[in-house]
Amino acid sequence: MKPKSSIVNLPVYQPGKPIEEVKKEFGLSDVVKLASNENPYGSSPRVKDAILAELDNISIYPDGSSASLTSALADRLGVDSKQIIFGCGSDEIIALITRAFFVSGDETIMADQTFSVYKSNADIEGAISIEVPLKDGTHDLDAMLAATTDRTKIIWICNPNNPTGTIVSEQALIAFLDAVPSHIMVVLDEAYCEFVTDNTFPNSLNILSKYSNLVILRTFSKIYGLASLRIGYGVGHPEVIKLINQVREPFNTSRIGQAAAKVALEDQDYVKYCREHNTQGISYLEGEFDRIGLEYFPAHGNFILVNVGKPGLEVFQGLLQLGVIVRAGFQHYPEYIRVSIGSKEQNVVFINTLEQVLQVKSAQV
Ligand SMILES: Cc1ncc(COP(=O)(O)O)c(C=O)c1O
């Protein structure tokens, strides 16, 4: 059997290590996972009832168009239902966009350290990824614009950027969108936008009507705490959304995912609670890094990229053995680890364990 040549050397995506695996490997009873930017508080308490109510219907296919959820989301976002598409996580929307738009030899532009799924999907479709270096951990929009050619199809902007956590301001984004030719799609991945408190952060939905080439990606996996139910969405011009819909599988989101997302969306008090606790968690971790003397990028999502001053993979391994899972191995940041903002207790465990691993204080976890 001969696979398509574009996938032969494609690495398999490496997710954060699962808790159960780490417990078993190191014989630990308590493990703190701060590796996948999940919500440490779980989801809205209303979600459980919505899921239970949906259990009676699990033998019936879901509504492939997610009509009820789409209508609720359209009302909340102030857009038309035709501007929204749901996916099996925003991961799937990324895949659908590449499937709908790329042909072999197209070029696509992204930051050189950003969410890896843009490049892996571009690779699958035979598109050529032009990776533009970040500037101080932030998207260098001028350089990304300068990298466009006649073959550029899509530009990806991850805001806040995973893994650096930095943001592109509204002013910078608008200047960029004004300069990008309208036949090039700009995908603005806002998976972490609900955590952001910085007032220079773009209100992308407000500017969407001005740019028919702009597609915004968001998800219920992060602040809404529904990562395992796999539900994310894209918002854009109706014509673009229609094209993406044409390559969508018939039943790509589940009944349970749709029902949970609908009630989670209604519970904006819970979203506020999570945002406030996340902000407190960022302050705590940044304060502790300052005390220990570690540099970090200013965090705007629910994670921080911190310079541990030695190979990040070594520190990752040291933390793992003591029951704390983080992420490391970022090509352009070999001495950094990325840690998700946990609950207050998890953050304290992380800092104590990190100090032990870095041997900046005697063992006392
Ligand atoms: C920047 C970014 N975009 C998209 C996703 C995908 O999220 P999901 O597929 O769970 O919606 C993630 C997940 O970590 C992410 O970090």
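If you're wondering where the values come from, they're calculated on a predicted model, not measured in any experiment. We count ligands from 1, going down the list as the structure has it; atoms in each ligand are counted the same way.
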Fill in the blank from the handout: Taken to the nearest 0.5 Å, the spacing of Asp189 CG from Leu217 CG works out to 5.0 Å
Practice task
For Gly89, counting its heavy atoms only, list the atoms of ligand 1 lying under 4.0 Å from any of them.
Solution key: 8 (P), 9 (O), 11 (O)
Handout entry: For Cys158, atoms of ligand 1 separated by under 4.0 Å from a heavy atom
Key = 1 (C)
Could you tell me the residue and atom name of the protein heavy atom closest to [atom], and the distance to it rounded to 0.1 Å?
atom                    : answer
atom 13 (C) of ligand 1 : Lys222 NZ, 3.4 Å
atom 16 (O) of ligand 1 : Tyr192 OH, 2.6 Å
atom 12 (C) of ligand 1 : Phe115 CZ, 3.4 Å
atom 2 (C) of ligand 1  : Asp189 OD2, 3.4 Å
atom 9 (O) of ligand 1  : Arg230 NH2, 2.8 Å
atom 7 (O) of ligand 1  : Ser90 OG, 3.4 Å

Exercise for the section: Please confirm whether Glu92 comes under 4.0 Å of ligand 1, counting heavy atoms of the residue only. Expected result: no
Exercise for the section: Return yes when Ala227 approaches ligand 1 closer than 4.0 angstrom through a heavy atom, no otherwise. Expected result: no
Practice task
Mark yes when over 12 heavy atoms from residues, nucleotides or ligands other than Gln171 sit less than 6.0 Å from its CD; otherwise mark no.
Solution key: no
Problem - Side-chain ion pair, Lys272 and Glu276, N-O less than 4.0 Å - result: yes
Practice task
Could you tell me whether Lys242 and Glu239 have a side-chain N and a carboxylate O separated by less than 4.0 Å?
Solution key: no
Exercise for the section: Using the ring-ring contact (aromatic ring centres under 6.0 Å, His included) rule, take Phe201 and His300 through it: C-alpha gap first, then chi angles, then the decisive distance, then the call. Expected result: CA-CA 10 Å; Phe201 189 70; His300 295 278; 8.0 Å; no
Fill in the blank from the handout: The side chain to side chain contact (heavy atoms under 4.5 Å, CB included) partners of Phe26 (sequence neighbours excluded) come to Val22, Leu28, Gln317, Leu320, Gln321
Handout entry: Contacts of type side chain to side chain contact (heavy atoms under 4.5 Å, CB included), residue Arg76, not counting sequence neighbours
Key = Leu265, Gln268
So, regarding [X] and ligand 1 (criterion: nitrogen or oxygen to nitrogen or oxygen, under 3.5 Å), is there a contact or not?
X      : answer
Asn162 : yes
Ser221 : yes
Asp91  : yes

Practice task
Verify the distance criterion only: is there a donor paired with an acceptor across the side chains of Asn307 and Tyr333 at less than 3.5 Å?
Solution key: no
Problem - Residue that, paired with Tyr336, satisfies ring pair (Phe, Tyr, Trp, His ring centres under 6.0 Å) out of Phe303, Phe289, Phe297, Tyr296 - result: Phe297
